[in-house]
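Worksheet: one structure, shown below.
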Amino acid sequence: MNQNIRKITDGAMMIAIVGAVLLIDRQLAGSISSMALFLFPLPMVFYSARYGLRNSGVVLAALLTLCFILGTPQSMFFVGCESVIGTIYGAGVHNKTESRRILLRTLIMGGLVELLAMVVFASFFGYDITAEIGEYANILSTITADTGAALPASFMSENSLRTLFVLSAILTGVLEGLITHLMSRLMLKRLRFTLPPSTPLYDYYPPKWSGYAALAMMLAYYYSMAKPFESSAVQTAVQAIGTAGMMYLVFYGFVGILVLAPRLWPGAARWIFVLSILLFFMFSLALIVAGFLYITTDTHERICKGGNYASETRQN
């Protein structure tokens with residue numbers, strides 16, 4: 001088959017698949033777009049992985065137009081954003097970009113989509129995020145009054161609930177991005193695509209500047225807690241950025257423990273692993289400090305490699 005005809009046929013097939021799913025989603029009152037959002041990037045992952053970013057632009061534009069015609073405002077936003085994510089993911093595969101970079105892009109874009117959705121839907125449908133957070137506070141107060149449980153006052157504050165609200169949105173997007181990554185690799189392997197090799201966690205070194213940037217973001221979060229901004233939108237944005245920085249440090253603190261603890265204390269590695277999981281879900285300050293030191297120092301190099309491997313990897 002002629003290559004140009006094959007491009008058109010594959011593009012039409014991907015658009016038809018998304019269109020059929022959108023029609024089914026409307027009949028199911030948006031159930032698919034709300035519960036299986038991670039499936040929507042897959043058609044564009046396939047197309048852009050085969051034909052590249054330049055050839056995927058027309059197909060993506062046609063798909064977005066189809067979303068505007070067939071979708072509801074909610075599905076139009078989510079499916080459109082997820083299709084863009086799929087296009088960028090597939091283009092990375094086509095260009096043989098490192099797997100870790102593709103994954104990082106996908107996780108960041110997934111978190112941004114969910115975070116943006118809060119702002120978009122609040123503006124479009126006219127509901128007040130602050131009022132909704134107040135309702136959550138009232139629900140928690142009612143539950144604690146009925147059960148007799150005592151929650152810390154700091155947990156019941158508006159700033160804490162706002163942080164949890166933002167954090168839940170970011171984590172949802174990150175989880176969707178991770179599932180998209182895993183399903184995309186599974187699909188492309190089954191279709192016999194040549195995939196960039198996965199980088200083991202043991203060999204991955206984040207740049208040092210990212211540790212300082214994450215620390216600055218976290219300090220901005222604490223500043224907004226001490227001196228809240230007058231604008232609720234600015235307050236939410238600063239807390240979202242600060243929460244992302246905090247999550248970044250917590251994650252690499254967890255990674256540092258997983259990588260370094262078995263080499264430092266082989267006999268106690270199992271118990272340290274259990275402790276690190278507990279600290280991970282508690283967002284412990286100790287884990288934040290560990291993550292910052294893991295990123296900005298050469299601890300990994302000295303303990304695991306005993307040489308210049310980490311420095312050479314960062315330079316490359």
Side-chain angles (χ1 to χ4, degrees), residues 11 14-48 53 56-92 102-133 136 162 164-181 183-184 231-237 239-241 243-244:
M14 298 303 103
I15 295 172
I17 291 173
V18 175
V21 175
L22 284 173
L23 289 175
I24 297 173
D25 184 58
R26 291 194 66 167
Q27 298 300 317
L28 298 177
S31 300
I32 299 177
S33 60
S34 60
M35 293 188 298
L37 193 61
F38 49 84
L39 296 176
F40 284 97
L42 298 182
M44 288 308 303
V45 168
F46 164 77
Y47 191 86
S48 58
L53 182 61
S56 302
V58 176
V59 177
L60 179 62
L63 196 150
L64 295 177
T65 304
L66 186 67
C67 291
F68 180 78
I69 296 172
L70 299 179
T72 62
Q74 177 179 350
S75 63
M76 182 173 62
F77 174 81
F78 279 118
V79 175
C81 291
E82 293 298 321
S83 298
V84 172
I85 292 176
T87 303
I88 296 175
Y89 187 101
I102 297 175
L103 175 59
L104 185 61
R105 293 173 190 170
T106 306
L107 297 182
I108 292 175
M109 288 188 293
L112 289 177
V113 166
E114 288 293 338
L115 190 61
L116 184 61
M118 289 197 312
V119 180
V120 170
F121 290 144
S123 302
F124 186 84
F125 294 109
Y127 70 82
D128 188 357
I129 296 179
T130 304
E132 186 170 351
I133 293 173
Y136 287 144
R162 186 189 299 273
L164 291 175
F165 194 73
V166 172
L167 180 61
S168 64
I170 296 175
L171 289 178
T172 300
V174 169
L175 180 60
E176 289 172 351
L178 179 60
I179 297 175
T180 297
H181 170 71
M183 295 195 67
S184 296
S231 173
S232 60
V234 174
Q235 179 76 2
T236 301
Q239 291 191 345
I241 293 172
T243 303

Does some side-chain heavy atom of Leu39 sit less than 4.5 Å from a side-chain heavy atom of Met183?
-> yes

For residues Ile102 and Gly92, report the shortest heavy-atom separation together with the two atoms involved.
-> CD1-C, 3.6 Å

Taking all heavy atoms of Ser184 and all of Leu42, pick out the closest pair and write down the distance.
-> OG-CD2, 3.4 Å

Any idea which heavy atoms bring Val59 and Met44 closest together, and the distance?
-> CG1-SD, 3.9 Å

For the residue pair Thr87 and Ser56, what are the closest heavy atoms and their distance?
-> CG2-CB, 4.0 Å

Are Tyr89 and His181 side-chain neighbours, meaning at least one heavy-atom pair lies under 4.5 Å?
-> yes

When rounded to the nearest 0.5 Å, the distance separating CG of Leu103 from CD1 of Ile108 is 9.5 Å

Worked check of side-chain contact (heavy atoms from CB on, under 4.5 Å) between Val113 and Glu82 | CA-CA 8 Å; Val113 166; Glu82 293 298 321; 4.2 Å; yes

Interatomic distance, Leu60 atom CG to Thr65 atom OG1 [nearest 0.5 angstrom] = 9.0 Å

Interatomic distance, CG@Leu66 vs CE@Met76, rounded to 0.5 Å, equals 12.0 Å

Between atom CD of Glu114 and atom CG of Leu37, what is the distance when rounded to the nearest 0.5 Å?
-> 6.5 Å

Which heavy-atom pair separates Gly19 from Leu70 by the least distance, and what is that distance?
-> O-CD1, 3.9 Å

Quick one: CG on Leu64 to CD1 on Ile15, what's the gap to the nearest 0.5 Å?
-> 9.5 Å

Evaluate the side-chain contact (heavy atoms from CB on, under 4.5 Å) criterion for residues Leu53 and Ser48: first the C-alpha distance (whole Å), next the side-chain angles of each, then the deciding distance (0.1 Å), finally the verdict.
-> CA-CA 6 Å; Leu53 182 61; Ser48 58; 5.9 Å; no

Rounded distance [0.5 Å steps], CD1 in Ile17 versus CG in Leu22 = 12.0 Å

